[in-house]
Every structure is written in structure tokens, then in C-alpha cells.
Amino acid sequence: MADRYDPTTIEPKWQRVWAEEHTWEVSNEADERPKAYVLEMLPYPSGEPHIGHLKTYAVGDAVAHFQRRRGQRVLHPMGYDAFGLPAENHAIRTGQHPRESTEASIAEFQRQFRRWGISIDWTREFGTHQPEYYRWTQWIFLRLLERGLAYRKEAAVKWCPNDATVLANEQVVDGRCERCGAEVEVRQLEQWFFRITDYADRLLDDLETIEWPPHVVRMQQNWIGRSEGAEVTFRCEELGVDYPVFTTRPDTLFGATFFVMAPEHPDVFRLNDSPEVHEYVNRALNESVEERGSEHKPKTGVALGRTVTNPVTGEQIPMFVADYVLMEYGTGAIMAVPAHDERDFEFAKAFDVPIRRVVECGELPCTGDGPLVNSGRFDGIHNREAYPQIIEWLESDGLGKRSINYRLRDWLLSRQRYWGCPIPVVYCDEHGIVPVPDDQLPVALPDVEDYAPKGKSPLAAAEDWVSTTCPVCGKPARRETDTMDTFVDSSWYFLRYCDPHNDQAPFDREVADYWMPVDQYIGGVEHAILHLLYARFFVKALADMGYLGVQEPFARLFTQGMILRDGDKMSKSKGNVVSPQSVVERYGADTARSYVLFLGPPNQDADWSEEGAGGVHRFLSRLWTAATQAAADESAGAPPDGQPSALLRKAHWAIDKVTRDMEGRFAFNTAIAAVMELVNDVYRERESAPQADVRFAIATAGSLIFPFAPHLGAEVYELMTGDRVWEQPWPEADPAMLTTDEIQLVVQLNGKLVDRIPAPAEASREQLEEIARGSGKLAARLNGKQIVKAVVVPGKLVNFVVK
RNA sequence: GCCCGGGUGGCGGAAUUGGUGAUACGCGAUGGCCUCAAAAGCCAUUGUCCCUAGUGGACAUGUGGGUUCGAGUCCCACCCCGGGUACCA
């Protein structure tokens, strides 16, 4: 037998057992155990896994193992979010097909995940780029289209005039194309959208039905951003166009002295096509959201030379385009009330527009409440009271209506890119947009020569593929050349895991209803909004169409913090990605996994440093050594003296501590620390404690460390008991071992500690105060002062207040 | 800008519901044992400052206020760092 801890023999040994016995596979046949679906967000395969992946799957695997040993039937699958921009960029640079680089990366992810010993049911694995998968992504798209939840409209995109291509936000640096440095322009393109705003209220309300971290719930609520107010119509008489605006302050309508459009507003150039306006719009659109929103930035804008009618005063008020108005909120245009809105006020001063007070609320600009003035027949009425009256009046005159506005916008899903799921529609001169019939799915992604063709989506260059026939009339038609946002792929993959080989449907409803919802979802907090919101939307839409019996995909969510590198997010573009491989190679998977969890609370960010991994390795090594030595030791050790040994008590304390840390709290760092304490005590007390207690303590340490260091946990447990730890139920602490008869009573003077004295654990308040008064140190500190009050916290302390 | 987090020793962090000398556990550092030596391992010390060196004192949880018998924990204001901000995923 080896004389030192050697993960390179232990880890492959157990991995072989689990692979040969298919230990982590589960069928879709229910049994008597309750099901638990434990899922980590699927990785985007680019290069090799980084340290953040190690953390995600170390967390998820700990949960999966814990749940299994608590008697649950655990589904724990794995897949790859394989479409995406980085593989495409790589292809543009190198000419290597994105499929090749992606599949090479997937192979590397698989290799490392297996080496980490993650307890995955590999029979359910897939990549979202496989036709067997994206066939069903397309199928779902078509169902959403049929239901009116997918539609086309014009939207602004960022455009590089030099590369003649649409740019992702990430590809725009300081208003310039990241690749060629050309100044970025804005173009309006017809784009596909999902009508997620139809679900705004349900997405908001159903947050109450799921157990998510409160801050994530808050982020989603704020993102959806429901606010009540009114929609009011301002008419441009010259063009004969009505422009609705949303306002939360219809009570200030009489003070609307100008009208402002967002630079993205599709009608801006229709109102004024001058070079000045074009230049302003382009500049504004290339500013980051952060710059545009800044309160400190001087207000900029351009007068459009047009007017609209204020519907309550009948006045013609000037129109502007200005970057402080955001297309994403409301209708992309606002009525500006400079007297009662700070940003409108600044703009009015800068552009010399009249400012008219309509609420007596203090010095201008003021946003408070007060009686109305300059408001026709509403003069003298308090603004809160006038608010509903003005809305009613607008409604009766057809000039406006009560309205609820959401900050949430519809989901723009089309991408003018190659490496994504093709959108399964064709365009026919006669029949317009025609869905590809289900029996012709998948619309396969064709191979192309050039991943960055000029001017169009790269797919447009695949002429043979683009020209097709109309499914309705059989005449020549052209395929949609946009692909889908990768968030579409990842909005339903958790359903496919339930039934991954189904070739009749994306999933069988009965099977999905058995496994869903995901009981514990785990992933980075950076996905708190987009991915999680989109997946919730998909599940609701699928449920509405009868394909699914749940309303929410993820019953419980755990968001882990990111592992930072020198205080920065790790990303390929920053070139600061750390590979877990060096740690795994040097210390083994058990050490690497335990160490990322030991670094700190997993829901918080942690700065990566490899220093300290050695400490965790030393701990695992000490545990292995103790187990090996105890296994060889035939002696009985110290005789039992009738009292449970301190070591036995410590073992029960550790069971209790680790269990509480893992249940919901996910405090793996302190759970591991508790096992470290137990192992330290084994070393301290193994000479003095009964041999049975030593063995129990070591077996317990192996059992408790198993969710984090499964190979070593299995090895140690087998050495001590001959049993397989994963087949054993999670240990339970004996309550009798957790309590003591005596406590150390803390004596405080004005909240400062002066003494600790032993006291019976069950002593009453009166007894505790009596004991505390007897403290010699207290008497010495009192110095003749009078005790005016004593605060007794039973079982803990007595605090004397003196004057 | 807006939304959401975070800030505790030389370092990562602990303190779970306002109640034990705040700093568990680990790293690092220092000293010792073992060894021909090194590695590994084991043992001990380790918040800062002060002094009369003790069973001593003062100060310490980003900054400034506040509530409380008692605050790392609650409230107010501010500073700094991270994430998200809709085409990175």
C-alpha cells in the first residue's frame, strides 16, 4: 500500500467504478424516492474550462451528492451552449470552422469534467449546435410564431461601415469597431422579436412562487420595471402622425412645453433628414448607456424644426431629438415638463425653451406635490387629486388613456451571424413570411466559405441554401438568413435533458412534468437577469401551449460569485483566464474542487490565488494518513470511561455543522473548515480516545468531505468501514452529543466583557444574575459604582449597566 | 447614470436571529523537532500600539454620524471595488 496520499491512483480508481457501474445515471422511470433535479448552468465551450467552471460544478456536485445521500433521486446532466460569437470570431480570424473549434473545446471540457469526477449522467449529454437539438429549438420558434409571440419589426443595430457588418456591443470600443477602428454607425434593420412583454406581469408576479435569492428577485423586478401612468397622444399636424408618450405624471401635462425623441426613434429622420441630425444620432447611438444616462453630462440635442400639439393646451410645442431620452423606455419619445423634471429643466435652459410651472411644489424644478396652477379647469386642485381626473378627461376625449408601462422590452432574437440556430422561415413573394413545415426541420446550418461576408448575414452568401421553394405555393423563395440569439438555445435546454433522445418532440410532456421544475439551479450571478428571465418566459409560453405543466423552470436558485483575477472578471478578451488544470495536475481533483469552495462563501466573488491550495491538499492528505494508520491499527486505544469522548462529541458537532451549512446556506467554506477541525482533533486525540471513536471520527470526516472531495471521501470511508460512502445515507448527529451541562457565562459591564464563569446550562435568569454578581472581577471593576440594570440573556451572558 | 452585490489581521476568510476576549479554518511569516542535508511531516507563536511585561491597558470590522444595556450585524450620509445594463455568455 502506498505510504502517502496519492490522488493520481485514488481518483482514477473511483472514477472507473462510477463509470463501469453507471452510478450517476437515472432513468425516467419514477421510483419511491422523491426526485431532485440539480442543474448547473451549461457551459459555453470556448478553449478549455476556466476556474469559474470548476467552482460552478464543484458547487453543483456537492449539492447533487448531498441530495442523493439524503434519499433523493437526483438528475444531474451536462451539456454545452455551443453556438456563439467567440467561435465565429475565431473562424473569421483563422478560417477554422466554428464547429471544429467548438467541438474540440467540448472534447476538452468533457475530458476535464470527467477528470474532476463530477457525478454527471453522461447519457443525457448534448450540444445546442447539434441538429438533433436545434431542430427542436426551431420547432419551438415556430410554435411561438404561430401563437403570435414571434414577430418582425425594425430596430436599430450598430453597424461597422468598413467591415459592412453588424457589431455586438462588446465589439464597439469608444464608438469604434473593435476590429478595424472605423467609427460605428447605426442602421435600422428588420429584426425578429419575441413578445416577452406580454408576460411582464406574470414574470413579475410569479417571482413570489420561487425561492430565489432576494437580490436576484429585486434585479428582475427592477428590470421588468412596471410603472403606472398614462399614455398621451401628441399629434404632429404637418405629418399627420400621432406620437404617443408614456408619462407617470399626467398631472403635469399642462406644463409640457416641448417634446423629445430618442435618437433611436424610427421616425427621427422622417421628421428631419438633415446631416446635422444624422450626425447627432450616430454620435448619440455610439455612446454607452452609462454616458448617456449621466446626470452630470451637459444636455445635448438637436431641434427637429417640427412641432406637435399639446393635447390639453392645444399649443404647438417644438420637437427635439436628444440622447437623454431612451428608446428602451416607454415609446421612445417623451413630453418634456421642464418645471417638474430635472433633466427636462436642464435641457430647457440649455435650449431656451419656456419653463411653465404647473404644480405649487417649491422652487423649480420640483417634483413634489402641491396644488395645480396654469392648468385650466384643474387650477387649485391638488396634483394627486387631479391625476385621475386628468386621465379620465383624456380618455373621454380620446387623447390618452390610463396605461401601465414596463421597462422590459421585447426580446430581439435575430442575429446577422453564422454560428447560430437558423430561423426556420422562408420569404415568398406571394405568401410573405412562411414557416418551414415541421417535417422539414431541422433547417440545417450550411457550410460557408467566408464567415464575415460584406453587407449581409454570412448565411446570405450560401446561395444554394438561401434559394428554396415556398412551402405553400412551391415557387422560388428565399430562406431567412439571420440566426437566433444563443439565449434562445439556453432557454429550454433543461427541458431537453429530461428526454434528450426524443426524436418525435422536444421532450415528452409526462417526462418533463416528472423532472421539472429544476429543484436547484446553480450559476453565476452575471446571469441574474437575461438568461434567467428568458428561460422563465419560454417555460410560461410552453406551458400556455400545453406542452408543459410547470410555470417556472427553476424552483430554487443559487447564484455563485465570480472568481476574479486581480479584481477583474476573467474573460478571454482580457487575457486573464486561469485554467484549473495546473491545480488539478499538481494536487488532484479533490484538492482543486475543495479549494475553490474553501476560498470563501460561494455566493460571493473571490479573487483567485493558487496559494492556499497546498493547505487544502495537506488537510486531505492528513485525513488519508489518519485513515490508513487507523486501518492498520489493531489496538483498542484508550478504554471507554463511560462518558462520550471529546473526539466523539466533535464528530457529532461536525456532522451537525456540515449539515446545517449545506442545507440551503451553501456555506461550503465553513463546512470544509469544520471537517478540518475534526481531522485536527483526530491527530490531537487519537492516542487518548477509544479506538472505536477514532475510527468513527475518521469515517465521519470521510463521509462529510465526500460531497467536496468524492474520491478521497470514498477511499477513507471504505478504509474505515468497508462500505461505499455514496450508498450510505447522510449521517445524522446525535442531539445528546451536541449539548453540554455547563456553559461559560459571560459577565459584561456596560457591554464590555469583564469575566467568564462556569454556570449550569439550564440556569434561570435569576440564578444567572446571582452567579454573575458573584464575579470577583466584576467587583474589582465596579469601584463602588451602582448597578442600575442587569440584562440577562439565558444561556449566554449577563450585562450590568452602571452609572 | 441606473439596478444589484461587496469592503473585517500581512493574505483568503469566520462570527447563521443585535448577545462570548471579533478574527474560527486555511495561507503566509517566525521559532523548534526530525534529517548528513533537503523535501515532506510534526509541534509552537503570530491583529496593532503602550507600559511598570501582567491574570495589565488602549485601539481595531472602508469613512463620518445615529439607535441600543450591547452594533461587524440595524438606520442615515459618504468613499472605494465588483457584476448587470438587453448583440459576450
Side-chain angles (χ1 to χ4, degrees), chain A residues 4 41-44 46 81 84-86 89 157-158 166-172 213-216 218-219 221-223 225 288-297 324 328 407-417 485-487 490 524-531 533-534 559 561-562 564 567-569 571-573 595 598-601 603-609 611-616 618-619 621-622 625 660-661 665 667 669-670 672-677 680 683 743-754 756 777 788-791 793 795-797 799-802:
Chain A
R4 62 193 287 184
M41 291 178 186
L42 88 176
Y44 173 73
S46 170
D81 189 15
L85 188 61
N89 286 340
V157 294
K158 290 179 182 160
V166 175
L167 296 178
N169 291 339
E170 197 188 48
Q171 296 173 302
V172 179
H215 70 272
V216 177
R218 215 167 302 130
M219 278 192 263
Q221 286 167 338
N222 293 340
W223 185 260
S288 60
V289 186
E290 300 88 81
E291 291 164 329
R292 281 178 61 179
S294 173
E295 273 173 20
H296 308 294
K297 193 186 145 221
Y324 80 98
E328 54 234 61
R407 214 188 69 94
L408 180 69
R409 313 198 307 251
D410 275 342
W411 172 7
L412 195 170
L413 71 114
S414 45
R415 298 287 182 270
Q416 293 70 47
R417 304 195 186 286
D485 179 4
T486 58
F487 277 126
S490 58
V525 68
E526 67 272 22
H527 295 291
I529 293 173
L530 295 179
H531 162 62
L533 199 63
Y534 292 152
T559 53
M562 299 202 297
L564 308 174
D568 243 345
K569 182 178 173 176
S571 73
K572 279 209 141 174
S573 51
Y595 178 58
F598 184 65
L599 262 182
N603 61 325
Q604 279 178 33
D605 292 348
D607 207 71
W608 176 252
S609 118
E611 313 246 327
V616 172
R618 203 164 301 136
F619 150 66
S621 186
R622 276 157 64 82
T625 306
R660 281 185 294 118
D661 282 350
R665 205 166 87 103
N669 55 331
T670 52
I672 293 168
V675 185
M676 285 175 171
E677 285 193 50
N680 289 345
Y683 274 76
I743 56 154
Q744 290 294 308
L745 181 67
V746 168
V747 183
Q748 291 181 335
L749 192 62
N750 287 342
K752 289 207 161 195
L753 183 136
V754 291
R756 293 167 80 182
K777 287 188 188 170
V788 294
K789 188 178 174 185
V791 181
V793 181
K796 293 227 161 106
L797 59 80
N799 183 21
F800 293 106
V801 185
V802 302

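Naming convention: chains lettered A, B, ... in sequence-line order (proteins, then strands); numbering from 1 in each chain. Quick caveat: nothing in here was measured; it's all calculated off a predicted structure.
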[X]: which residues meet the side-chain contact (heavy atoms from CB on, under 4.5 Å) condition with it, sequence neighbours left out?
X	value
L412(A)	A155(A), Q191(A), F193(A), S414(A), R415(A)
F487(A)	W411(A), D485(A), S490(A), L530(A), H531(A), Y534(A)
N750(A)	V801(A), V802(A)
N799(A)	Q748(A), V791(A), L797(A)

So which protein N/O to nucleotides 26-28 of chain B N/O distances come out below 3.5 Å?
residue, atom, partner, partner atom, Å
G26(B), OP1, N680(A), ND2, 2.9
C27(B), OP1, R618(A), NH1, 2.4

Could you measure the distance from the [atom1] atom of [X] to the [atom2] atom of [Y]? Nearest 0.5 Å is fine.
X	Y	atom1	atom2	result
T670(A)	M676(A)	OG1	CE	11.5 Å
E170(A)	K158(A)	CD	NZ	12.0 Å
D661(A)	N669(A)	CG	CG	7.5 Å
T559(A)	Q604(A)	OG1	CD	10.5 Å
D81(A)	S46(A)	CG	OG	11.5 Å

Using the [atom1] atoms only, state how far [M] lies from [N], rounded to an integer number of Å.
N	M	atom1	result
C88(B)	C11(B)	C1'	32 Å
G21(B)	A71(B)	P	11 Å
G18(B)	C25(B)	P	25 Å
G12(B)	U23(B)	C1'	13 Å
C80(B)	U61(B)	C1'	16 Å
A15(B)	U67(B)	C1'	22 Å
U20(B)	U73(B)	C1'	16 Å
G19(B)	A89(B)	P	45 Å

So [X], base contact, sugar-phosphate only, or nothing? Heavy-atom distance under 4.0 Å.
X	answer
Q171(A)	nothing
H527(A)	base
P43(A)	nothing
L85(A)	sugar-phosphate
S490(A)	nothing
L599(A)	sugar-phosphate
L745(A)	nothing

Could you state the [atom1]-[atom2] distance from [X] to [N], rounded to the nearest angstrom?
X	N	atom1	atom2	result
R407(A)	G84(B)	CZ	P	15 Å
K796(A)	A22(B)	NZ	C1'	15 Å
R417(A)	C87(B)	CZ	P	10 Å
H531(A)	U85(B)	NE2	P	14 Å
N669(A)	U16(B)	CG	P	13 Å
W411(A)	C87(B)	CH2	C1'	13 Å
E170(A)	G83(B)	CD	P	13 Å
R660(A)	A15(B)	CZ	P	11 Å

Minimum-distance nucleotide (side-chain atoms of [X] versus [options]):
X	options	value
R4(A)	A40(B), G21(B), A89(B)	A40(B)
R756(A)	A86(B), U20(B), G19(B)	U20(B)
P86(A)	A15(B), U85(B), C88(B)	C88(B)

Compare every heavy atom of [Y] with every heavy atom of [X], then report the nearest pair and how far apart it is.
X	Y	result
L599(A)	A606(A)	CD1-CB, 4.3 Å
M41(A)	G524(A)	SD-N, 3.9 Å
V525(A)	H215(A)	CG2-NE2, 3.9 Å
W223(A)	L533(A)	CD1-CD2, 3.5 Å
Y44(A)	L85(A)	OH-N, 4.3 Å
Q171(A)	V166(A)	OE1-O, 4.1 Å

*Look at T670(A) and A14(B) and indicate whether a side-chain polar atom (N or O) is within less than 4.0 Å of OP1 or OP2.*
no

*Syn or anti for G47(B), please, going by whether the chi angle lies within 90° of 0.*
anti

_side-chain hydrogen bond (donor to acceptor under 3.5 Å, both in side chains) assessment of N222(A) paired with R407(A)_ = CA-CA 8 Å; N222(A) 293 340; R407(A) 214 188 69 94; over 6 Å; no

Identify each atom pair where a protein N or O and an N or O of nucleotides 29-35 of chain B are less than 3.5 Å apart, giving names and distance.
none

How would you summarise protein contacts on [range] per nucleotide, using B for base, S for sugar-phosphate only and - for none, with heavy-atom distances below 4.0 Å?
range	result
nucleotides 65-74 of chain B	----BS----
nucleotides 3-9 of chain B	SSS----
nucleotides 43-49 of chain B	-------

*Nearest-nucleotide wise, let me know which of V157(A) and A673(A) is further upstream toward the 5' end of RNA chain B.*
A673(A)

_Residue mapping more 5' on RNA chain B - nearest nucleotide basis, R415(A) or M562(A)_ = M562(A)

*In chain order, what residues pass the salt bridge (charged side-chain N to carboxylate O under 4.0 Å, His left out) check against E526(A), with sequence neighbours excluded?*
none

*Note every stem involving RNA chain B: at least three consecutive Watson-Crick or G-U wobble pairs, i with j then i+1 with j-1, with both distances under 3.5 Å.*
B:1-7 with B:79-85, B:10-12 with B:25-27, B:28-33 with B:41-46, B:47-50 with B:56-59, B:62-66 with B:74-78

*Can you sort out the partners of Y595(A) under ring-ring contact (aromatic ring centres under 6.0 Å, His included), two or more places apart, ordered by chain and number?*
W608(A)

